[in-house]
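Residue numbers count from 1 along this sequence.
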Amino acid sequence: MSRFFRGFFIVWVLWKYGLDDLVLSSFKQSWLRAVAKVLRMGRDLSVPRGVRLRMALESLGPIFVKFGQVLSTRRDLLPMDIAEELAKLQDRVPPFASEVAVATIERAFGRPLDQIFKHFEQVPVASASIAQVHFAQIVDHQGQTRDAAVKVIRPMMKRVIEKDLALMRMMATWLDRLSADGRRLKPIEVVAEFDKYLHDELDLVREAANAAQLRRNMQGLNLVLIPEMYWDYCHQDVIVMQRMNGVPISQLSRLIEAGVDIKQLARDGVTIFFTQVFRDGFFHADMHPGNIQVSVDPLTFGQYVSLDFGIVGTLTEFDKEYLAQNFTAFFRRDYKRVAELHLESGWVPAQTRIDELESAIRTVCEPYFDRPLKEISLGMVLMRLFQTSRRFDVQIQPQLVLLQKTLLNIEGLGRELDPELDLWSTAKPFLEKWMLEQIGPSKLLEQLKSEAPRYAKLIPELPRLMHEFLKARAQAPLNDEVLKLLKQTRQTQSTMLRAMWLSVGFVVGVLLMQWVFQVS
């Protein structure tokens, strides 16, 4: 019964904001289009459709707001006006009662609150759809008092999420079956992706692990601060971390008053992003202004402070190599190579014509090269590439969608700090150095060093394997086919011997270099 009333409320909100017209008018069935015309009578639908969709999601509550935020990252699927409007959704909801937060903490740790914290502030400092944050103090193993931030999951979240997800799956199924345009948006796959995203975010230990990994990766860069996780106080429903002090990056007047170099701050943000993406392959994928502060402490003055690590992106070595070659081809305006890379990666069907894909990519990219560098948005180039690739049935990888979304966030933030920011000039030296490391001699030596133990085991076995192969061939009866095969075998033997000695040379060279490095 509760699901029925919730469904009825959703339908009413859709009607109120005219989204029924938006959906029904896209259906191919004539009778549904007729229904849309009748329902349109007497209603003012002059407000842009993206604005109406955003207002409807805000009316439906925090789970739908978060769904809209996740959907806004799929700019490869959405029309531009809707994607831009969904990106404005703010995940702000009223805090839940402090007594409930305390009960959750005590249940998680099995102890009274005063035995867990030296001090706990009952009034939350931040609240979102999944959790809220309280400040507290803990006593560490050395007896030192530490300021901490406590993130507590909202009560009954799993039950609420499951109800709304069930309704979303039902609506996605209807949309997929009844509308050709709706089917192109892959509603069932999008809801499944949102399901995974939400359940991942419900496990706060996962977020703590993400933060710990980013903190390790960023040590030594001296550009960003990431809170330390206090693992003795971490649970699936509660995590406790180092309390961070900083000025929200959106408060530019306070930062300027404090003496922060705003232009350098913009350049540092680009450096942090490209380091996380291209060096580590592990990046903070939710870098909007609400999750970023700037330290004004004398010891860390001007450094970024990152918060909220529920969403991170990862890139495999294959992804990074693919990006390296794409950027190289892109900088050279070698659009044919960009098209070939799409085909080689398996992201477009094998029957795709390279010349057609090349032409489409040229159409997207060429106009950007006629603009001043500071006006070129790499995030927009990627987004338009994704949208263009859609008609070639390109299967855009989720990690690259997250990358594109984060890149748009970084570009927007950087140019808000410094309207003259030239992202390409800031990033190009970093990218060139990284690409050289990916496809240059140093990368080859690194791979040879990692493969050296395998070569050392394989090479001694080669003579025995070759002897067994030749012995088996010698025992076979001679005929024209066998003689032809023997000739091919001799050629193969010669090639294998050359490869073997080349491999031996590589291995010996790598081992010698490794020994020299160790000695020096």
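- Take Arg169 and apply the salt bridge (charged side-chain N to carboxylate O under 4.0 Å, His left out) test, not counting sequence neighbours, and it matches Asp195.
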Show your working on side-chain contact (heavy atoms from CB on, under 4.5 Å) between Leu265 and Ile249 and close with a plain yes or no. CA-CA 10 Å; Leu265 194 66; Ile249 199 165; 4.2 Å; yes
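- The distance from the CD1 atom of Ile161 to the CD atom of Glu201 is 8.5 Å, given to the nearest 0.5 Å.
- The side-chain heavy atoms of Met218 and Gln276, taken from C-beta on, include a pair separated by under 4.5 Å.
- For Ser59, the side-chain hydrogen bond (donor to acceptor under 3.5 Å, both in side chains) test picks out Tyr17, with sequence neighbours left out.
- Across all their heavy atoms, Gly310 and Glu207 have their closest contact at N-CG, 3.7 Å.
- Two residues are said to be in side-chain contact when any heavy atoms from C-beta on lie closer than 4.5 Å; Leu57 and Arg54 fail this criterion.
- Judged by distance alone, the side chain of Tyr335 and the main-chain N or O of Leu357 form no donor-acceptor pair under 3.5 Å.
- Here the closest heavy-atom approach between residue Pro248 and residue Arg254 is recorded as CD-NH1, 4.3 Å.
- Distance check: Leu417 CG to Leu252 CG gives 6.0 Å after rounding to the nearest 0.5 Å.
- Every salt bridge (charged side-chain N to carboxylate O under 4.0 Å, His left out) that Glu358 has, sequence neighbours left out, goes to Arg362.
- Among all heavy-atom pairs drawn from Gly414 and Ala266, the shortest one is O-CB, 3.6 Å.
- Summarising the geometry, atom OG belonging to Ser359 is positioned 12.5 Å from atom CD1 belonging to Ile354; distances are rounded to the nearest 0.5 Å.
- What you find for Arg353 and Asp355 is that their closest heavy atoms are NH2-OD2, 2.6 Å.
- Legend: residues meeting ring pair (Phe, Tyr, Trp, His ring centres under 6.0 Å) with Phe309, ordered by chain and number and at least two apart, are His284.
- When all heavy atoms are compared, the tightest approach of Ser295 to Leu225 is CB-CD1, 4.0 Å.
- Partners of Thr275 under the side-chain hydrogen bond (donor to acceptor under 3.5 Å, both in side chains) rule, at least two apart in sequence or in another chain, do not exist in this structure.
- We find the CZ-CD1 distance between Phe283 and Ile311 to be 11.0 Å, quoted to the nearest 0.5 Å.
- Among residue pairs with one or both ends in residues 208-217, those qualifying as side-chain hydrogen bond (donor to acceptor under 3.5 Å, both in side chains) are Gln213-Arg216, Gln213-Asn217; sequence neighbours excluded.
- For Asp308 (side chain) and Asp286 (main-chain N/O), no donor-acceptor pair under 3.5 Å exists by modelled atom type.
- With contacts defined as side-chain heavy-atom distances shorter than 4.5 Å, the pair Val294/Gln251 does not qualify.
- A distance of 8.5 Å separates OG of Ser306 from CE of Met244, quoted to the nearest 0.5 Å.
- Nearest heavy atom pair, residue Val65 against residue Glu58, reads CG2-CA, 3.8 Å.
- Put simply, CG on Leu53 and CG on Leu86 are 5.0 Å apart, with the number rounded to the nearest 0.5 Å.
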